K.L.:
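Quick one: this structure, given as structure tokens, is what I'll be asking you about.
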There are 2 protein chains.
Amino acid sequence: MRSTIKDVAKRAGVSIATVSRVLNRSDVVNEETRLLVENAVRELRYSPNIAARNLSRSKTETIGILLPDLYGEFFSEVLRGMDRTARKHSYHLFISSSHNNKAEIEAALRVMSGRVDGLIIMSPHIDAASLNANLPSALPLVLLNCHVEGDEFDAINIDNYRGAFEIVKHLASHGHKRIAIIKGTEKNIDAQERLRGYRDALEEAGAEYSKAFEIPGDFTEQSSYNAALQILQLKPRPTAIFVSNDAMAIAALSALRTHQVSVPEEIALAGFDDIPIASYIKPSLTTVRVGISELGALAVDRLLDAVRNKKEHTKRHLIMPTGIVVRESCGCTRTVHPTP
Amino acid sequence: MRSTIKDVAKRAGVSIATVSRVLNRSDVVNEETRLLVENAVRELRYSPNIAARNLSRSKTETIGILLPDLYGEFFSEVLRGMDRTARKHSYHLFISSSHNNKAEIEAALRVMSGRVDGLIIMSPHIDAASLNANLPSALPLVLLNCHVEGDEFDAINIDNYRGAFEIVKHLASHGHKRIAIIKGTEKNIDAQERLRGYRDALEEAGAEYSKAFEIPGDFTEQSSYNAALQILQLKPRPTAIFVSNDAMAIAALSALRTHQVSVPEEIALAGFDDIPIASYIKPSLTTVRVGISELGALAVDRLLDAVRNKKEHTKRHLIMPTGIVVRESCGCTRTVHPTP
DNA sequence: CTTGGAAATGTAAACGTTTACATTTGTGGC
DNA sequence: GCCACAAATGTAAACGTTTACATTTCCAAG
């Protein structure tokens, strides 16, 4: 059915090695022969079988990416950065998802075996040592947002703690004494650090701490909408909410709006991530800037360094700094144009 | 470095065929032998080289997906449907992007060659015949949102025309006589059909047609924000806007809000796609429901049918129906809760 | 113990490509 | 024409896995 290098060789009247040379190093083949081969390739619509090439060369020029999910703007932005950087280095991405499920991680890793030069795994639910038990030791690996200690792994984490701390401090600087939080998923390292930053900021700002102000969420819009409704029932009612990611903050905003609660005047709001839509809603969202696509880009850079410099590569655990982006929802500003 | 099947066989004291049988059909191997092999696999952390397996079996259980971009909520939702359906059939996705660029399409197809059992290509800018010139004829293929005529290809298109027609008719039913459009990218078949539906609806509704009401956009938030500013300058000013996708509608909403234009009271708004966020903004967006993830799921179903039933599969060109989702932005309703 | 048949396992070749080393071809100088 | 050397091309084996067919082992019946 599909043409192989043997078909091309036969049609051009040369050996398979010559066909290979034309395709890979055409400077060592004379022009007449080269044209014969190129014509045969075109006529037969031949395309090299990359699986065979991978096997032969032990090199795939492909990076495996394993994310918790394939959808949602956060992952979409991570992929943006990864795609851009990989493309720059002529690498391709093989993207898969794990749904934060150990068995699905193992299945995905199996499918990638022999097909990728290295791996980037984002898994905020599962710790690094547990993940590593499933991996061939020679395969270069970068972990994103995993629970990691020390420099045993190439890993990159967001400074969740610092970002949450600063943005809650910012809310407090507006005079808010009762600040609630809509939490992320329980076992998630990102969510845990954001909660810890929230708590420490309350303490440092001398704001009121109450267990009742900590409302569970699971990083979905629906959970946040319901959490916001709960907050509206609290007595006394909080005057500000820190929401553990932007998608949830948008849903919380919707709930507040539906109940005629004016934002930021009656309840101020802050999110986490700075996904692109955050600047286009009204009021535009004050949030923690993560540099999501930069995170993806950095991960690819680190991994490619490991792939290309096997002997000299030094494993490192990097913490990506966060910053706060002050827009309208905290009450600071009524800017005229979305921040690009 | 990495263990091969030969290492496992040596360690277990059996042949490589026996190792293969244990991994693939363990019912034909006796228990004692099976345990030896399983122990060796575990100790060596052996994982089959999938490239070698693909070559040997001529079967990859992987589907190639080629989208214009990897980011944005529309593509994210398509992937959701694809991922879910593929997973159900134990297939994996190999996802890549083309940026609507012919050369990048070719590069992506080359990388996938021999590594996928079939392909799904979404390319609203490039027509099917032109795409097909680059593909091995035996490879099962499903085209999404490509410019296609007849039943020569397995293809699925959204009923852009009908969706746009109906939603603009709906805006007109509110009494709007001056309805503007923020268009999508020029060469894009989806955008062209939405424009055509808009025009025909104006004509059927007896609404005012003016070339000045057609403002160019390119499916980005920024282009739409600027387009909305232009619309605000028109004399006489339109009282409704049909925006060619939801992401742009959200940005247009932001522009209107920034200029104290009340939506839907002063200017009504409608979008296209029904991305998840559409129901969480305020006012919630009246839009054309595409069934984005259903589109992805259907594409995978069609492709798997082609892969599995090579002889009997019938190529078909399907048009996915659209419908309108009436929420707040057109002025119909002030619902209390987002539609799930 | 021998025989026949089933179960279990091994051998060899296939898949499509790459590339080291072997061989052939071409060219210039004598 | 011969020789030396460079350029061009071919041959054979490698990559890691699967599986048809060959071979061996096991077990039950006579």
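Computed from a predicted model, the values in this text were never measured in an experiment. Scope of the values below: all heavy atoms of this structure, side chains included, with no hydrogens, waters or symmetry mates. Naming: A, B, ... by sequence-line order, numbering from 1 per chain.
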K.L.:
Can you name the atoms? Protein N/O to nucleotides 23-26 of chain D N/O, anything below 3.5 Å, with the distance.
P.N.:
none

K.L.:
Decide, yes or no, whether a salt bridge links A:D83 with A:R87 under the criterion of side-chain N to carboxylate O below 4.0 Å.
P.N.:
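Yes, this pair counts.
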K.L.:
Describe the nucleic acid contact of A:T4 in one word from base, sugar-phosphate, nothing, applying a heavy-atom distance below 4.0 Å.
P.N.:
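Sugar-phosphate contact only.
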K.L.:
On DNA chain C, nearest-nucleotide positions of B:A52 versus B:G13: which is more 5'?
P.N.:
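Checking each residue's closest nucleotide, the 5'-ward one belongs to B:G13.
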K.L.:
Give every donor-acceptor pair under 3.5 Å between a side-chain atom in residues 144-151 of chain A and any protein atom, sequence neighbours left out.
P.N.:
from: A:N145; atom 1: ND2; to: A:D190; atom 2: OD2; distance (Å): 3.3
from: A:D151; atom 1: OD1; to: A:H317; atom 2: N; distance (Å): 3.2

K.L.:
Just to be sure I understand the rule, does A:V29 reach a base, reach only the sugar-phosphate, or reach nothing, if contact means heavy atoms closer than 4.0 Å?
P.N.:
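Touches sugar-phosphate only.
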K.L.:
So A:I16, base contact, sugar-phosphate only, or nothing? Heavy-atom distance under 4.0 Å.
P.N.:
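Answer is base: heavy atoms of A:I16 come under 4.0 Å of a base.
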K.L.:
Run the salt bridge (Lys or Arg N to Asp or Glu O under 4.0 Å) test on A:R11 and A:E43 for me, step by step, so that the C-alpha distance in whole Å, both residues' side-chain angles and the decisive distance to 0.1 Å come before the verdict.
P.N.:
CA-CA 9 Å; A:R11 195 180 187 97; A:E43 286 160 6; 2.6 Å; yes
K.L.:
Could you give the start and end, 5' to 3', of the contact zone on DNA chain C for chain A, using atoms under 4.0 Å from its heavy atoms?
P.N.:
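So the outermost contacting nucleotides come out as C:dG16 to C:dA20.
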K.L.:
Check B:E104 with B:K102, please: is the shortest side-chain N to carboxylate O separation under 4.0 Å?
P.N.:
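Salt bridge between B:K102 and B:E104, a charged N being under 4.0 Å from a carboxylate O: no.
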K.L.:
Could you tell me whether the side chains of A:T60 and A:N54 share a donor-acceptor contact shorter than 3.5 Å?
P.N.:
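A:N54 and A:T60 do not have a side-chain donor-acceptor pair below 3.5 Å.
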K.L.:
Find which nucleotide of DNA chain D each of B:L55 and B:A17 is nearest to by heavy atoms, and output the residue with the more 5' nucleotide.
P.N.:
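Result of the comparison: B:L55.
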K.L.:
Classify the nucleic acid contact of B:N54 as base, sugar-phosphate or nothing, counting any heavy atom under 4.0 Å across all strands shown.
P.N.:
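Contact class for B:N54: none.
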K.L.:
Using 30° and 60° as the class boundaries, would you call the ring planes of A:F94 and B:F94 parallel, tilted or perpendicular?
P.N.:
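Plane angle over 60°, so perpendicular.
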K.L.:
Under a 4.0 Å threshold between the charged nitrogen and the carboxylate oxygen, would B:E61 count as salt-bridged to B:K59?
P.N.:
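Answer for the salt bridge query: yes.
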K.L.:
So does A:R110 pair up with A:E106, basic N to acidic O under 4.0 Å?
P.N.:
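Looking at A:R110 and A:E106, the cut-off is not met.
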